[in-house]
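In what follows, every chain begins at residue 1, and chains take the letters A, B, ... in the order their sequences are listed.
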Protein chains: 2
Amino acid sequence: MMKNSGHTRRERPYHHGDLYSSLVKAAEDLLEEKGANALSLREVCQCAGVSHAAPYRHFRDKAALMEAVAKAGFNQLGEMISEARARHPGEPEMQILDAGRAYVAWATENPERTRLMFGGMMKSDTIDEDLHQAAEAAYDEIYRIIDEGRSTGVFGGRDTDSVVLSAWSAVHGLTMLILGSGKLTPENPRDVRALADIIGDTVVSGIRSR
Amino acid sequence: MMKNSGHTRRERPYHHGDLYSSLVKAAEDLLEEKGANALSLREVCQCAGVSHAAPYRHFRDKAALMEAVAKAGFNQLGEMISEARARHPGEPEMQILDAGRAYVAWATENPERTRLMFGGMMKSDTIDEDLHQAAEAAYDEIYRIIDEGRSTGVFGGRDTDSVVLSAWSAVHGLTMLILGSGKLTPENPRDVRALADIIGDTVVSGIRSR
DNA sequence: ACCTGAACACCGTTCAAGT
DNA sequence: ACCTGAACACCGTTCAAGT
């Protein structure tokens, strides 16, 4: 298990080359493997093959590294929703159903990263602007679905923000219950999808124009 | 700021008397004050006026103390829902609306405890049976509301569990978005209640029998 | 410019010893 | 039975020094 990222000749050069990315990758892997509580920066360094002081050239502190991990997570999650939207052009109901499936699926496949992303980090006042924008971009994907559905008359509700909130809350709530409660323990992706569909049906019933 | 819990004569007796409760209380306070990440067992001990080794007579480890905090949280949350239910006998729609308000209100008043309770702790296989039952009792309060609503015909849906899941997901999702996303930042209890009512209306629309 | 190694103040946990 | 104080292995962070 020698790590040699990008280098073919020297076994371990003094200068790493792309330490920033290596640290984020190592942090992601270790986070999912051991959980947020047991994740130490020193272990991430060991995994990336550098000394425990090396990260401080690239990240202000441990929290900044975790913010980078969260940012990558929001980008991935937003991409999943975007793809679900693209799969059903002109069909907002199918878009929201499929986006819900994708949201829950990604989160259950990356539970620790999801907990990190929605665990209160975004509330801190020292929040990075990059991270904020990545989260915003994911939100916008949901907004676009609802907005199209409302403008074509298939969704109702008093205003778009309220409908987005309702849809997002339901899907996000299912997600966090799967990750956080002892009650919901789907064994495989098909179980996850079945749960997502139960919530999807209720959401669509609740926001459909009447 | 001398702590003297229960003792009037001696300033700091060798035997504390009710260290278990004092530690849970101190942990609750410090948790909400500094956040889960910055909470140290040693500081809890200092706050309770004992040495840093004293807790190990009452708790297996730090995680066990946090489980006790979570258990108390589930009991409080379940109590809130129960009271909301009792406020509107025979009116399941009002019960679920009011329970949603109470759920979101309690969580926003106790954000760190809520994150602890739903942060994945319940997933660990070494979970305490007491904690599991406290969480189950809170869940049952929601179940009772939906069950009564379905048996009197005001709620529809394929089965009670699916309807409970839909309602719980929506309210829990709003809660976690308020606690965890940068987007939702209600400034006061009235804002929180307004958000809860938006979700409540959609949920009731979604699960009402048609 | 980028990384290391020693150092510092902390942490959770253990255990012999005190009351 | 309950608590203390010293000890251990760890941790995040800093900084002079190395390449």
Structure string for DNA chain D in dot-bracket form, Watson-Crick and G-U at under 3.5 Å, | interchain: ||.|||||...|||||.||
Euclidean distance, atom CG of residue A/Asn37 to atom P of C/dC11 [Å, nearest integer]: 15 Å
Counterpart residues, side chain to side chain contact (heavy atoms under 4.5 Å, CB included), relative to B/Ala105 (two or more places apart): B/Glu109
Interatomic distance where CG belongs to A/Leu41 and C1' belongs to D/dT14 [whole Å]: 13 Å
Distance in angstrom units between B/Arg42 CZ and D/dT4 C1', rounded: 13 Å
Worked check of side chain to side chain donor-acceptor pair (under 3.5 Å) between B/Tyr103 and B/Trp168: CA-CA 10 Å; B/Tyr103 193 104; B/Trp168 190 21; 3.1 Å; yes
d(CD, A/Glu43; C1', D/dG12) in whole Å: 14 Å
Member of B/Val104, B/Leu174, B/Leu184 meeting the side chain to side chain contact (heavy atoms under 4.5 Å, CB included) criterion with B/Val192: B/Val104
Atom pair distance, as rounded to whole Å: CG in B/Leu39 and P in C/dC10: 16 Å
Gap between atoms CG and P, on A/Asp18 and C/dA1 respectively (whole Å): 19 Å
B/Phe59 CZ - C/dT14 P separation (whole Å): 15 Å
Interatomic distance where CG belongs to A/Leu23 and P belongs to C/dC2 [whole Å]: 13 Å
Beyond-backbone contact of A/His52 with A/Leu41, side-chain heavy atoms, under 4.5 angstrom: no
Residue-level proximity of residues 61-69 of chain B to DNA chain C when a heavy atom falls under 4.0 Å: B/Asp61, B/Lys62
Toward the 5' end of DNA chain D, by each residue's nearest nucleotide, A/Arg60 or A/Ala38: A/Ala38
B/Val44: partners by side chain to side chain contact (heavy atoms under 4.5 Å, CB included), with sequence neighbours left out: B/Leu23, B/Ala26, B/Ala27, B/Leu30, B/Leu39, B/Leu65
Parallel, tilted or perpendicular: rings of A/Phe59 and A/Tyr20 (30°, 60°): parallel
Within residues 189-199 of chain B or reaching into it, pairs that qualify as salt bridge (charged side-chain N to carboxylate O under 4.0 Å, His left out) - sequence neighbours excluded: B/Arg101-B/Asp197
Contact list for DNA chain C against residues 51-58 of chain B - heavy-atom distance below 4.0 Å: B/His52, B/Ala53, B/Tyr56
